[in-house]
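Quick note: residue numbers are just sequence positions, from 1. All heavy atoms count here, side chains included; hydrogens, waters and symmetry mates do not. As the structure lists them, so they are numbered: ligands from 1, and atoms in each ligand from 1.
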Amino acid sequence: MHHTPPSEHSDLVTSSLPWSPKNNRRVTFNAYGGPEVISVVTEPAVASPGKGMARIRVMASSLVFTDMLIRRNLYPMLKTLPGETLGYDVVGHVEALGPETTGPAPGTLVATLTQVGGAQDWVNLPAASLVPLPGHLDPIKVEPLILSYMTAYQGLFREAGVSAGAHILVIAATGAVGLAALDLARALGLRATGVASSRRKALVEQMAADFIAYDAPDFSRRIDLAAAQQGGFAVILDGASHEPLPTHLRRLTRGGHYVGFGLTALLRRAGADAKGLRLIFGRLRLGMKVLRILATRLRNPNVHFYDIAGRRKAHPDWFREDLTTLATLLADGRIAPHISGVFPPERAAEAHRLIEDGSVVGRLVLDLRGSGVLP
Ligand SMILES: NC(=O)c1ccc[n+]([C@@H]2O[C@H](COP(=O)([O-])OP(=O)(O)OC[C@H]3O[C@@H](n4cnc5c(N)ncnc54)[C@H](OP(=O)(O)O)[C@@H]3O)[C@@H](O)[C@H]2O)c1
């Protein structure tokens with residue numbers, strides 16, 4: 001494995017210790033703001049795990065839209081402070097278990113959701129939260145399963161309970177979750193229509209889905225028409241929140257489900273770099289949108305707002321079972337995460353810039369294999 005001191009990569013690195021394989025690099029942010037607030041801090045590796053905990057040598061973590069929301073203090077689901085380590089999830093090897101702790105044996109490949117704290121070389125996590133995975137899987141390919149594929153999978157199968165043969169509409173179809181949904185639809189026998197900008201037509205069609213461009217002047221009518229042609233969509237999986245909820249509801253089959261999970265269109269419209277009052281109004285609008293969906297759910301149980309962390313808290317067994325299912329689909333070659341870039345921590349700010357530009361297709365992955373030693 002090639003080990004390069006972080007300081008040779010970029011001037012964004014603030015290293016308080018000379019680099020050594022046992023130092024812990026972590027991706028953090030110094031203040032709420034743009035990609036320029038990201039830095040990599042090098043500190044002594046984490047302490048021994050306490051009771052109930054396991055020390056993980058991390059191989060890969062997230063570089064996703066949600067990390068950007070956390071860094072900008074725009075994430076409605078979690079309050080974080082500058083200085084916190086980014087990283088919504090973790091794939092790695094168990095290195096040590098705490099005293100009197102039962103968990104996957106040292107050396108086991110595991111994955112879990114962290115929301116923050118995953119983007120570092122070593123991390124101590126509750127042993128009970130770790131999902132063991134087949135050791136031969138590539139950690140870089142596993143990483144998109146934890147947040148992106150899980151959101152698509154649980155949105156479709158846990159929230160909406162969709163069955164094979166059903167026709168689904170995926171909005172924000174070439175983002176991390178959207179492409180995962182199209183991949184899963186293809187693997188599990190669903191028909192799909194994907195919505196993204198016109199530049200993404202070929203990609204959506206390659207995923208065996210019909211395509212509708214949200215930047216076409218009559219796009220709303222086109223979706224209405226597509227819905228009418230097949231008697232409605234069984235599920236609308238919406239990562240953009242571009243159109244009002246009632247518009248979506250009229251496009252569903254009787255008994256069909258609307259599953260909102262993201263607010264990308266609202267955020268792009270607000271401008272990610274909004275400051276002061278604009279930022280406050282932006283946060284309020286996002287919060288209101290989520291509340292509106294949740295309020296509609298009181299009257300219509302087929303309307304959902306999917307929140308991965310809340311879902312895992314309520315059903316840790318589903319999370320474990322579904323991640324195992326996704327890993328099996330990956331091991332069998334039935335799904336193939338679309339990874340358009342792999343970045344070491346020293347280049348995390350560059351990856352965040354691409355995410356903010358809206359230029360990422362599918363997923364970027366943070367690669368932590370390049371330092372430290374495997375157990
Ligand atoms: N609730 C949860 O548990 C959960 C889990 C994961 C993610 N999320 C959230 O889900 C959202 C999507 O995240 P992501 O990482 O999958 O992708 P993303 O990068 O935020 O979304 C990119 C996709 O959205 C499309 N898009 C942009 N504006 C649109 C519009 N007005 N109408 C329709 N599509 C539009 C883009 O098309 P073009 O590129 O062609 O413009 C692209 O296909 C984010 O808000 C994220 O925070 C939530």
Side-chain angles (χ1 to χ4, degrees), residues 62-72 74-78 88-89 113 115 143-156 158-159 169-183 193-204 207 209 211-216 219-220 222-223 236-244 247-248 259-272 282 285-286 289-290 293-294 304-314 319 322 337-341 351-365:
S62 65
L63 283 171
V64 288
F65 197 87
T66 312
D67 295 322
M68 181 274 279
L69 296 182
I70 290 173
R71 158 171 61 70
R72 285 204 177 267
L74 280 170
Y75 188 46
M77 307 298 181
L78 181 75
Y88 211 93
D89 53 31
L113 195 79
Q115 293 197 283
E143 193 279 331
L145 306 186
I146 311 166
L147 171 62
S148 309
Y149 274 72
M150 183 67 76
T151 299
Y153 185 85
Q154 293 202 326
L156 291 171
R158 295 292 188 184
E159 302 288 325
L169 179 70
V170 180
I171 304 176
T174 58
V177 178
L179 267 186
L182 296 187
D183 197 18
T193 298
V195 179
S197 68
S198 41
R199 64 189 163 153
R200 309 293 188 209
K201 182 174 191 292
L203 174 61
V204 170
M207 300 297 293
F211 175 75
I212 297 174
Y214 71 77
D215 50 356
F219 96 97
S220 205
R222 286 188 201 198
I223 303 181
I236 297 179
L237 194 61
D238 182 8
S241 296
H242 182 138
E243 296 174 282
T247 306
H248 292 302
V259 184
F261 66 91
L263 307 159
T264 291
L266 280 182
L267 285 157
R268 283 201 191 171
R269 245 180 267 150
R285 280 187 59 201
L286 299 181
K289 179 79 190 186
V290 175
I293 295 173
L294 293 176
H304 315 252
F305 189 84
Y306 177 81
D307 160 26
I308 190 167
R311 260 282 160 265
R312 184 180 67 158
K313 200 168 169 202
F319 185 85
D322 295 346
H338 187 111
I339 298 171
S340 55
H352 273 235
R353 260 179 218 113
L354 295 173
I355 293 168
E356 288 208 356
D357 285 355
S359 56
V360 178
V361 165
R363 278 296 313 271
L364 305 180
V365 176

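Atoms of ligand 1 found under 4.0 Å from any heavy atom of His242, numbered from 1 in the order shown, are 30 (C), 31 (N), 32 (N). The distance from ligand 1 to the heavy atoms of Tyr306 drops below 4.0 Å at these ligand atoms: 1 (N), 2 (C), 3 (O). Interface of Ala265 with ligand 1, defined as ligand atoms under 4.0 Å from a residue heavy atom, comprises 30 (C), 31 (N). Residue contact check: Val177 has heavy atoms under 4.0 Å from atoms 6 (C), 7 (C), 16 (O) of ligand 1. Close approach of ligand 1 to Gly239 is summarised as follows: ligand atoms under 4.0 Å from at least one heavy atom of the residue are 11 (C), 12 (C). Proximity to Leu69 (heavy-atom distance under 4.0 Å) selects the following atoms of ligand 1: 47 (O). Ligand-side atoms of ligand 1 in range of Thr264: 11 (C), 12 (C), 18 (P), 20 (O), 21 (O), 24 (O), 27 (C), 44 (C), 45 (O), range being under 4.0 angstrom from any heavy atom. Close contacts between ligand 1 and Gly262 involve ligand atoms 9 (C), 10 (O), 11 (C), 45 (O) [criterion: under 4.0 Å to a heavy atom].
Rounded to the nearest 0.5 angstrom, Thr151 OG1 and Ile146 CD1 are separated by 11.0 Å. With rounding to the nearest 0.5 Å, the separation of NZ in Lys201 from CG in Leu203 is 12.0 Å. Atom CG of residue Leu263 and atom CZ of residue Phe65 lie 8.5 Å apart, to the nearest 0.5 angstrom. Of the inter-residue distances, the one linking Tyr149 atom OH with Arg363 atom CZ reads 10.0 Å to the nearest 0.5 angstrom. Expressed to the nearest 0.5 Å, how far OG1 of Thr247 lies from CD1 of Ile223 amounts to 9.5 Å. Taking CD1 from Ile171 and OG1 from Thr264, the interatomic distance works out to 11.5 Å, rounded to the nearest 0.5 Å.
In Leu263, the part holding a heavy atom less than 4.0 Å from any atom of ligand 1 is the backbone. Residue contacts with ligand 1 for Phe261 involve both N, CA, C or O and side-chain atoms from C-beta outward (heavy atoms, distance under 4.0 Å). Only the backbone of Ala173 comes within 4.0 Å of ligand 1, counting heavy atoms alone; no side-chain atom from C-beta on gets that close. When non-hydrogen atoms are compared, ligand 1 lies under 4.0 Å from neither the backbone nor the side chain of Val360. Residue-level proximity to ligand 1 for Asp307 is carried by the backbone, the only part with a heavy atom below 4.0 angstrom. With a 4.0 Å cut-off on non-hydrogen atoms, Ser197 touches ligand 1 through its backbone as well as its side chain.
Considering only residues two or more places apart in sequence or on other chains, Glu159 meets the side chain to side chain donor-acceptor pair (under 3.5 Å) condition with His304, Arg311. Residues forming a side chain to side chain contact (heavy atoms under 4.5 Å, CB included) with Ala172 (at least two apart in sequence, or on another chain): Ala240.
Heavy atoms only, all atoms of each residue included: Leu237 and Phe261 are closest at CG-CE2, 3.8 Å. What you find for Ala309 and Leu113 is that their closest heavy atoms are CA-CD2, 4.1 Å. The shortest non-hydrogen separation linking Gly358 to Arg199 is O-NH2, 3.4 Å.
Between Phe305 and ligand 1, not a single N/O pair is under 3.5 Å apart. On a distance-only criterion, Leu147 and ligand 1 share no N/O pair closer than 3.5 Å. Note: no N/O pair closer than 3.5 Å links Gly178 and ligand 1 by distance alone.
Closest heavy-atom approach to atom 39 (O) of ligand 1 among the candidates Glu243, Met68, Lys201, Arg199: Arg199. Taking all heavy atoms of Thr151, Thr174, Ile308, Leu74 into account, the minimum distance to atom 3 (O) of ligand 1 is reached by Ile308.
The shortest separation from a heavy atom of Ile171 to ligand 1 is under 4.0 Å, placing the residue in contact.
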